[in-house]
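Side chains included, hydrogens not; waters and symmetry mates left out as well; all remaining heavy atoms used.
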Amino acid sequence: MTQSIDSIGTIADQFDAIVLDQWGVLHDGGTPYPAALSALDMLKTSRAMIGVLSNSGKRAAPNMDRIARMGFDRAVFDCMMTSGEALWQHFASGAGTVNAVFPIVGSAGDAERWAAGLHLKVTDDIAVADAVLLMGLPDNSAVDAYDDILHAAHALALPLYCSNPDFTSPRGGGTYVMSPGALARRYRDMGGEVHLYGKPYRPIFSAMETALDCPPAHILMVGDSLHHDILGAQTAGWASLLISAGVHAPQIGPKNAAADIALLAKAEGMPAPDYALPDLR
């Protein structure tokens with residue numbers, strides 16, 4: 001049964017490491033949550049290491065730069081791992097036979113910056129690509145906006161590598177936009193071959209364990225998604241805490257959060273978290 005708590009400080013000293021999701025926990029995509037800034041100040045005094053584990057298509061360093069620009073103190077964080085970093089490391093290891101990728105990105109130049117240091121060509125000609133690289137989407141993209149590209153990729157039997165498997169991402173004012181994971185699922189529904197990097201898949205959790213040098217049972221995952229953060233934590237053997245004001249907010253009321261979470265988890269076929277908080281506080 002999920003335990004509702006008043007502050008992450010009440011359980012922080014039970015863990016050697018506390019790993020935080022980024023969007024929906026620390027910020028809304030552009031602005032820090034005020035309570036999160038205060039919570040991090042408090043966590044600095046705990047014995048736990050602090051990490052960030054994010055389904056961002058970009059590498060770890062640009063993500064650390066992003067949250068620093070928002071006002072977060074770099075010194076608080078012991079480690080940053082992103083799904084984009086995990087995919088970069090996959091290609092850097094020499095795995096696979098991909099030499100050229102057709103990019104789908106949120107902003108021009110993202111793929112080229114991500115691919116720096118790799119023997120990998122980024123091409124806008126899908127006919128000469130070995131794979132599709134799905135990193136991001138412009139805000140407010142329609143679900144069928146990329147169907148022509150997806151159909152062309154499917155006709156060429158191109159695998160799709162998705163470096164952000166989230167279905168939605170928060171924006172200011174409690175709004176959400178479609179994320180790359182939804183497009184990857186659309187390609188899979190067309191019969192396309194899809195490779196997903198990030199939460200809830202085990203490799204990114206293993207990479208974080210290695211970076212923190214911490215056993216799974218001593219780590220707490222804090223996230224706002226049952227499908228990505230909580231499922232991934234359970235699969236990895238981590239404890240988990242759900243931020244109920246995140247992506248599942250419409251289904252979780254303020255008075256009976258634990259009961260609402262139990263019903264939602266059952267309906268979604270997902271594990272329930274060990275703990276719940278309205279927001280990171």
Side-chain angles (χ1 to χ4, degrees), residues 2-28 32-56 60 63-64 66-68 70-83 85-86 166 170 198-200 202-248 257-258 261 271-281:
T2 300
Q3 178 184 349
S4 293
I5 59 176
D6 296 324
S7 166
I8 194 170
T10 63
I11 60 171
D13 285 333
Q14 298 177 26
F15 300 96
D16 292 336
I18 297 174
V19 176
L20 307 167
D21 181 29
Q22 189 179 170
W23 278 268
V25 174
L26 294 177
H27 60 78
D28 64 5
Y33 298 125
L37 289 167
S38 300
L40 286 172
D41 287 339
M42 177 268 296
L43 287 175
K44 284 192 295 187
T45 66
S46 76
R47 70 181 185 87
M49 294 180 288
I50 308 299
V52 177
L53 189 62
S54 174
N55 276 358
S56 167
N63 274 277
M64 183 58 75
R66 178 204 297 267
I67 64 175
M70 291 183 190
F72 291 97
D73 182 1
R74 292 174 185 266
V76 172
F77 304 104
D78 296 280
C79 182
M80 162 84 72
M81 177 59 64
T82 68
S83 47
E85 183 72 29
D166 280 351
K199 300 172 291 184
R202 188 69 179 92
I204 196 170
F205 288 86
S206 297
M208 180 59 98
E209 291 167 10
T210 299
L212 292 169
D213 191 22
C214 189
H218 295 182
I219 304 175
L220 174 70
M221 177 76 226
V222 181
D224 72 326
S225 168
L226 289 172
H227 299 86
H228 299 104
D229 305 304
I230 307 307
L231 175 59
Q234 185 193 63
T235 301
W238 299 10
S240 61
L241 186 159
L242 182 73
I243 298 300
S244 58
V247 68
H248 300 299
I261 289 169
D274 299 294
Y275 306 98
L277 263 175
D279 51 27
L280 183 61
R281 58 177 69 178

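Taking the side chain as every heavy atom from C-beta outward, Asp229 and Ile243 never approach each other to under 4.5 Å. Put simply, the side chain of Leu43 does not reach to within 4.5 Å of the side chain of Val76, judged on heavy atoms. For the pair His248/His227, a side-chain contact is recorded, criterion being any heavy-atom separation below 4.5 Å from C-beta on. Within the 4.5 Å cutoff, the side chain of Ile11 has heavy atoms near those of the Leu241 side chain.
Judged as a salt bridge (Lys or Arg N to Asp or Glu O under 4.0 Å), the pairs with a partner in residues 5-28 (not counting sequence neighbours) are, in order, Asp16-Arg47, Asp21-Lys199. Annotation: salt bridge (Lys or Arg N to Asp or Glu O under 4.0 Å) contacts involving residues 73-83, sequence neighbours excluded, comprise Asp65-Arg74.
The structure places CG of Leu20 at 9.0 Å from CD1 of Ile67, a figure rounded to the nearest 0.5 Å. Separation of atoms CD1 (Ile50) and CE (Met80) is listed at 13.0 Å; rounding is to 0.5 Å. In this structure, OG1 on Thr235 lies 8.5 Å from CZ on Arg202, to the nearest 0.5 angstrom. The line from CE of Met70 to OH of Tyr33 is 9.5 Å long, rounded to the nearest 0.5 Å. Between Ser46 atom OG and Gln14 atom CD the span is 11.5 Å, to the nearest 0.5 Å. Interatomic distance, Met64 CE to Ser54 OG, rounded to the nearest 0.5 Å: 10.5 Å.
Between Leu212 and Ala17, the shortest heavy-atom contact is CD1-CB, 3.8 Å. When every heavy atom of Val25 is checked against every heavy atom of Gly223, the shortest pair comes out as CG2-CA, 3.7 Å. A pairwise comparison of heavy atoms in Leu277 and Ile5 identifies CD2-O, 3.1 Å as the closest pair. Between Leu26 and Phe72 the shortest heavy-atom distance is O-CZ, 3.2 Å. In plain terms, the two heavy atoms of Ser244 and Pro278 that are nearest each other are OG-CA, 3.3 Å. Contact between Met49 and Cys214 at its shortest, heavy atoms only, is CE-CB, 4.3 Å.
One N or O on the side chain of Asp224 and one on the backbone of Val247 form a donor-acceptor pair closer than 3.5 Å.
When the side-chain contact (heavy atoms from CB on, under 4.5 Å) test is applied to Pro273, the partners found at least two apart in sequence or on another chain are Thr2, Leu226, Ile230, Ser240, Leu242, Ile261. With sequence neighbours left out, Ser83 forms a side chain to side chain donor-acceptor pair (under 3.5 Å) with no residue at all. In this view, Ser7 and Thr10, Met42 satisfy the side-chain contact (heavy atoms from CB on, under 4.5 Å) rule, not counting sequence neighbours. Under the salt bridge (Lys or Arg N to Asp or Glu O under 4.0 Å) criterion, Arg281 pairs with Asp279, sequence neighbours left out.
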- Message: Set out, in order, the CA-CA distance, both residues' side-chain angles and the distance that settles side-chain contact (heavy atoms from CB on, under 4.5 Å) for Phe77 and Leu40, then state yes or no.
- Response: CA-CA 9 Å; Phe77 304 104; Leu40 286 172; 3.8 Å; yes
- Task: Begin with the C-alpha distance, continue with both residues' side-chain angles, and end with the deciding distance and a verdict on side chain to side chain donor-acceptor pair (under 3.5 Å) for Ser56 and Asn63.
- Result: CA-CA 8 Å; Ser56 167; Asn63 274 277; 2.9 Å; yes
- Apply side-chain contact (heavy atoms from CB on, under 4.5 Å) to the pair Asp166 and Trp23, showing each step before the final yes or no. CA-CA 10 Å; Asp166 280 351; Trp23 278 268; 5.8 Å; no
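In this structure, Trp238 and Phe205 have perpendicular ring planes: the angle between them is above 60°, well past the 30° mark.
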